[in-house]
**Q** 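Quick one: the structure is below, questions incoming.
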Amino acid sequence: MSEEKREGGSAKHTVTWPVLLLAVGFVGFFCLALGYALGSGAHGDYTVYTQTGAAFPSQETEEAVEAIQAEAEVFPIDVNSADAETLELLPGIGPEKAAAIVAWREENGPFTQPEDLLEVSGIGEATLEEIRSLIICGDGTE
């Protein structure tokens, strides 16, 4: 090439194919990584329940949500009519204490107030305070 062409015209910069392929590859990798981070299971698979606006992992907790809703419909528990299985839903009340509540009720008649539960073997002040807001005594007394 002559010197005139270089001085008179504009200088052209050429990009070689390997450099171009490297740049395209980098941009492609960046887009893939960004797409994975924003749209994949890296953040979990969530379902939004519109009534509450809360988000729950859709598969694992669907059954747990149903169980919580079913328990919410159970409370408060009427200690004068509940069977032992239902009484076991109360915190701190296992099979033995539930059976003792049913046995006491059968021997002595209905509970008139929550404090009557203190007469049941195995029920103390701490247990009563833990379950007080979750029980009623048949006539609506909490």
Side-chain angles (χ1 to χ4, degrees), residues 1 3 5-142:
M1 291 195 173
E3 294 291 326
K5 227 178 190 182
R6 280 192 177 174
E7 289 176 14
S10 62
K12 291 185 179 180
H13 297 287
T14 57
V15 178
T16 61
W17 280 106
V19 173
L20 184 61
L21 287 175
L22 183 63
V24 169
F26 177 75
V27 170
F29 176 76
F30 179 76
C31 290
L32 284 174
L34 184 62
Y36 177 78
L38 295 177
S40 73
H43 300 289
D45 184 20
Y46 292 90
T47 300
V48 175
Y49 294 90
T50 56
Q51 288 180 340
T52 62
F56 297 100
S58 63
Q59 293 177 345
E60 294 91 31
T61 62
E62 186 173 325
E63 294 165 0
V65 169
E66 290 172 5
I68 291 169
Q69 289 172 342
E71 280 189 21
E73 293 172 6
V74 170
F75 295 107
I77 292 175
D78 183 353
V79 293
N80 287 326
S81 62
D83 60 7
E85 185 177 295
T86 303
L87 291 169
E88 288 179 39
L89 294 173
L90 294 166
I93 305 295
E96 290 179 19
K97 288 182 185 178
I101 292 170
V102 171
W104 190 95
R105 183 178 71 207
E106 289 173 355
E107 290 177 22
N108 300 293
F111 298 98
T112 58
Q113 59 185 357
E115 289 75 17
D116 291 346
L117 287 168
L118 294 172
E119 296 180 30
V120 176
S121 176
I123 307 283
E125 288 286 339
T127 303
L128 178 61
E129 288 308 311
E130 192 173 8
I131 66 173
R132 182 183 296 275
S133 65
L134 303 173
I135 62 171
I136 58 173
C137 295
D139 62 353
T141 306
E142 294 184 17

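Everything numeric in this text was worked out from a predicted model, so none of it was measured.
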**Q** Provide the closest heavy-atom pair for L134 versus P91 in the form atom of the first, atom of the second, distance.
**A**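 The answer is CD1-CD, 3.5 Å.
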
**Q** Can you list the steps and then say if E125 with R132 is a salt bridge (charged side-chain N to carboxylate O under 4.0 Å, His left out)?
**A** CA-CA 10 Å; E125 288 286 339; R132 182 183 296 275; 5.5 Å; no

**Q** Restricting to non-hydrogen atoms, name the atom on C137 and the atom on P114 that form the minimum distance, rounded to 0.1 Å.
**A**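 So the minimum-distance heavy-atom pair works out to SG-N, 3.5 Å.
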
**Q** Of all heavy-atom pairs between A98 and I93, which one has the smallest distance, and what is that distance?
**A**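 Where A98 meets I93 most closely, the heavy atoms are N-CG2, 3.7 Å.
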
**Q** Measure across F111 and N80 and return the closest heavy-atom pair with its distance rounded to 0.1 Å.
**A**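 Scanning both residues completely, I find the closest heavy atoms to be N-OD1, 2.6 Å.
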
**Q** Is there any salt bridge (charged side-chain N to carboxylate O under 4.0 Å, His left out) pair reaching into residues 85-113, and which pairs are they, with sequence neighbours excluded?
**A**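 Passing the test, one end in residues 85-113: no pairs.
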
**Q** Going through the checks in order, is the side chain to side chain contact (heavy atoms under 4.5 Å, CB included) test met by V79 and L87?
**A** CA-CA 7 Å; V79 293; L87 291 169; 4.2 Å; yes

**Q** Go through the structure and list residues passing side chain to side chain donor-acceptor pair (under 3.5 Å) with D78, not counting sequence neighbours.
**A**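 In terms of side chain to side chain donor-acceptor pair (under 3.5 Å), with neighbours along the sequence ignored, D78 is linked to S81.
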
**Q** Which value, rounded to the nearest 0.5 Å, describes the distance between S133 atom OG and F75 atom CZ?
**A**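 CZ of F75 is found 9.0 Å from OG of S133.
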
**Q** Return the CG to CD1 distance between L90 and I77, rounded to the nearest 0.5 Å.
**A**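 Between atom CG of L90 and atom CD1 of I77 there are 4.0 Å.
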
**Q** By side chain to side chain donor-acceptor pair (under 3.5 Å), which residues pair with D116, not counting sequence neighbours?
**A**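 With sequence neighbours excluded, D116 shows a side chain to side chain donor-acceptor pair (under 3.5 Å) to T112, given in chain and number order.
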
**Q** Using side-chain heavy atoms (C-beta onward) and a distance below 4.5 Å, is I135 in contact with L117?
**A**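 In contact.
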
**Q** Where is the tightest heavy-atom contact between A99 and A84, given as atom of each residue plus distance?
**A**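 Reported closest heavy-atom pair: N-CB, 4.4 Å.
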
